[in-house]
Protein chains: 2
Amino acid sequence: MKFEAITIKDIARALNLSVSTVSKALRGSHEISEETKKAVMAYAREHNYKPNPIAQSLKRGRSKSIGIIVCNIDNNFFSQAINGIESVARQKDYNVIITQSQESYEREMANSEHLSSRSVDGLIISLSAETKKVDHLIKLHQKGLPMVFFDRVTDEIATHKVIANNYKGAYEATRHLLQQGFRRIAQITSSNSLSITFERLEGYKKALEDAGLKPDSKYIKFVQHGGMIPEETRQALTELLQLKNRPDAIFTASDRLSTTTLSLLRKMQIAVPQEVALVGFTNSISADIFHPSLTSVVQPALEMGQQATELLIQLIEAKRPVTEFKKCILDTELKIRDSSLRTT
Amino acid sequence: MKFEAITIKDIARALNLSVSTVSKALRGSHEISEETKKAVMAYAREHNYKPNPIAQSLKRGRSKSIGIIVCNIDNNFFSQAINGIESVARQKDYNVIITQSQESYEREMANSEHLSSRSVDGLIISLSAETKKVDHLIKLHQKGLPMVFFDRVTDEIATHKVIANNYKGAYEATRHLLQQGFRRIAQITSSNSLSITFERLEGYKKALEDAGLKPDSKYIKFVQHGGMIPEETRQALTELLQLKNRPDAIFTASDRLSTTTLSLLRKMQIAVPQEVALVGFTNSISADIFHPSLTSVVQPALEMGQQATELLIQLIEAKRPVTEFKKCILDTELKIRDSSLRTT
DNA sequence: CGCCCTGCCGCAAACGTTTTCGTAAAAAAA
DNA sequence: TTTTTTTACGAAAACGTTTGCGGCAGGGCG
């Protein structure tokens, strides 16, 4: 059905040359006379010859494609990150193959397995919320598959990592709430198996301690699927609001959690920030038109994607095994808006 | 560097069989005795044999991957659509390769060229705002590359198309504004070369005419890059607001345009809906927490992506050339919120 | 004049499959 | 028993490349 593309063989036949000569000519080998090269090049251009990348992949053992595993692409942070990944990959002539784990451990395993058997040259991964063991990735890594983690990383695999400065981001967000005079600051965060959860929790705790407050576990709610399931978030929020000492501010530690929480608060008719103030991690470009406009910790998602991709391609194209690994920590930006401002 | 995977050859050697026997056994051919099949299967499973997809692609002439071209993935509508595309593709064992045109004609050409030379089995495309000629796609289509258009389609290529009912969506949005009593209804829309622009414009005009009003071109502003460049939107909005008979309502005809316009109106301190009402196409999941909450025409993005993918895979796997093409038109949903409600 | 060197090119193997065809042995039919 | 059919497998070509090696000229050298 598909129109047969022109191959090296066709060129060889047309020019009365051997296949190998044509191949070498196209690659500019010194074994071939200038004259012949010219002729071959000319013919190739004229007939719009494109080398078959599949054949090349088979021969070279590299596919010039990289696999991505994220929990969900329909998320501001990840779609921005993928935007960055795609642009760098394209520029270096790599294809980007996207998969989604939907926060499921099973699907993450299946996707990593599938991508590696599909012979991608490398992997860029942000772990799923359900993932507690990374044996599936360790196995692939040991087999020599280059991988770079971003956002949700693991300590169990020695390779490049790209993360936002979650600790500092959370610290600043919490400190901001404290400076505004809030004292009972709760946190709604993702699964406690995630690196980002830990880091954001630590930053939050440190800020409280620096202000002479003791973190209280009653005020910390883990949402196992990071906001993908609204009901889980509602549950966490409701529990917080029913506490004797109801929090006067909430820090939501991920993108989906932030928007969902704000939405729920509005449905519950709870005034923000009057009754409860809110600060959240989010990369929504619309945070300034929320009601109230949402004070946000914004991650440099695009840059994170770009960096991760550059590091991965370095790994892939390294002549000798790489043993020094970077952990890139990019600063977040705290955008102060109405949702966190003390009104009284 | 990469650990060599086990191949059919290895199995053959280990079991004292020929390569062809193993291949047939793995595919369950009737030519092979049950006994041998069992042995091969067992060995394969035990050693975690995975067929090399690149070799298979080369042999079969199909890559089991589909290419996507959208203007930008960092956009609610498209990320939701890609979510749908990915899920269906995954289920049918196709890979999804993503590219972004960034609304550039040049990049769309380069991407389509690149994807086809990368031998994807098919293409799912939403045209870029700059695209006026589709010769580059016609060429590929004539060569036999299956393609499905979605969202922004063209009449010049006979193939499946999946779109939202833009006409009806725009009609309903405009009618809603009319019912609320607004009379000077402006539209800010995308490049006038896009199908969606035309359809949404027609629905808008029809609604006006049905209400006995004459569409006025002063009230219609085209934004060439569909909101990717905020300054263009600002320009359009400013011009509208400076008109003698300033519009009392605006209908924004795309996702980015809607959020950007609302954001600009807030920055300009123009009260919505008191001074200007607003209805927009948007798939933002946060439209209900905007200030004011935004009356939206919501497209079934996920379903559109799924449908487009199913149709494409049908085309790819069709035994005989397909000559009957579908144009799937999926209904939008008008979510009425505060931004369009008459207050006086 | 014989030698080697260099320039230019082709042969053939290889990457990992799939598939067509051939063929031996075993089973069935004569 | 011989002939035919069936069963089960292997040899080899093919997909489109890349690459090591060998060969054949012609030219420079001794």
Side-chain angles (χ1 to χ4, degrees), chain A residues 1-41 43-44 47-65 93 116-121 144, chain B residues 1-41 43-44 47-65 93 116-121 144:
Chain A
M1 179 152 180
K2 198 153 153 198
F3 210 84
E4 313 81 33
I6 177 176
T7 78
I8 268 190
K9 265 188 202 165
D10 301 323
I11 304 186
R13 203 171 317 126
L15 268 56
N16 254 326
L17 289 170
S18 78
V19 185
S20 44
T21 304
V22 175
S23 173
K24 287 173 192 163
L26 286 170
R27 324 204 78 238
S29 163
H30 60 276
E31 289 187 51
I32 307 297
S33 71
E34 288 306 321
E35 212 178 352
T36 312
K37 280 194 222 173
K38 286 259 171 58
V40 171
M41 302 280 205
Y43 190 93
H47 291 74
N48 193 29
Y49 166 78
K50 291 277 172 55
N52 180 324
I54 298 195
Q56 286 182 319
S57 293
L58 183 59
K59 194 82 239 289
R60 298 209 255 250
R62 308 210 286 114
S63 65
K64 275 276 184 173
S65 62
D93 200 32
S116 89
S117 82
R118 274 287 207 153
S119 47
V120 293
D121 295 339
Chain B
M1 181 153 182
K2 196 151 154 202
F3 210 83
E4 315 81 31
I6 177 177
T7 77
I8 266 191
K9 265 189 203 166
D10 301 323
I11 304 186
R13 204 173 315 129
L15 267 55
N16 254 325
L17 290 170
S18 79
V19 194
S20 40
T21 305
V22 175
S23 173
K24 288 175 198 164
L26 287 170
R27 322 204 80 236
S29 162
H30 61 278
E31 290 187 48
I32 307 297
S33 71
E34 288 306 319
E35 211 178 355
T36 312
K37 280 193 217 172
K38 287 258 171 58
V40 172
M41 302 279 205
Y43 190 93
H47 291 73
N48 193 29
Y49 167 78
K50 292 277 171 55
N52 181 325
I54 298 196
Q56 288 182 317
S57 293
L58 182 58
K59 195 80 240 289
R60 299 210 253 250
R62 307 209 285 116
S63 65
K64 276 272 182 179
S65 62
D93 200 33
S116 90
S117 82
R118 275 289 207 151
S119 47
V120 293
D121 295 340

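Sequence lines set the chain letters: A, B, ... in the order given, protein chains first and strands last, and positions in each chain run from 1.
Looking at heavy-atom distances under 4.0 Å, Thr36(A) makes contact with sugar-phosphate atoms alone, never a base. Across all strands shown, Leu17(A) has heavy atoms under 4.0 Å from sugar-phosphate atoms exclusively, and none from any base.
Put simply, NZ on Lys37(B) is 9 Å from P on dA8(D), counting in whole angstrom units. With rounding to whole Å, His30(A) atom NE2 is found 13 Å from dC9(C) atom P. If you take CZ of Arg62(A) and P of dT18(D), they are 13 Å apart, rounded to a whole angstrom. To the nearest angstrom, P of dT18(D) lies 11 Å from CD1 of Ile11(A).
Here side chain to side chain donor-acceptor pair (under 3.5 Å) pairs that include residues 16-29 of chain A, with residues two or more places apart or in two chains, are Ser18(A)-Ser20(A), Ser18(A)-Thr21(A).
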Nucleic acid footprint by protein, nucleotides 12-21 of chain C - heavy-atom cut-off 4.0 Å, B for base, S for sugar-phosphate alone
B-BBBBBBBB
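Remark: Asn48(A) engages no residue in a side-chain hydrogen bond (donor to acceptor under 3.5 Å, both in side chains) (not counting sequence neighbours). Tyr49(B) is linked by a ring pair (Phe, Tyr, Trp, His ring centres under 6.0 Å) to nothing, counting only residues two or more places apart in sequence or in another chain.
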Can you give the donor-acceptor pairs under 3.5 Å from side chains of residues 51-60 of chain A to other protein atoms, not counting sequence neighbours?
{"residue": "Asn52(A)", "atom": "OD1", "partner": "Ile54(A)", "partner atom": "N", "Å": "2.7"}
{"residue": "Asn52(A)", "atom": "OD1", "partner": "Ala55(A)", "partner atom": "N", "Å": "3.1"}
{"residue": "Ser57(A)", "atom": "OG", "partner": "Pro53(A)", "partner atom": "O", "Å": "2.8"}
{"residue": "Ser57(A)", "atom": "OG", "partner": "Arg62(A)", "partner atom": "O", "Å": "3.2"}

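Shown here for Ala5(A) and Asp10(A), the closest heavy-atom pair between the two residues is O-OD2, 4.1 Å.
When the local axes at the two ends of the helix from dC1(C)-dG30(D) to dA30(C)-dT1(D) are compared, using 5 base pairs at each end, they differ in direction by 70° after rounding to 10°.
Using a 4.5 Å cut-off on side-chain heavy atoms (C-beta onward), Leu17(A) and Tyr43(A) make no contact.
Salt bridge annotation for Glu35(A)-Lys38(A): absent, with no cationic side-chain nitrogen under 4.0 angstrom from a carboxylate oxygen.
Rounded to the nearest 0.5 angstrom, Lys64(B) NZ and Asp93(B) CG are separated by 5.0 Å.
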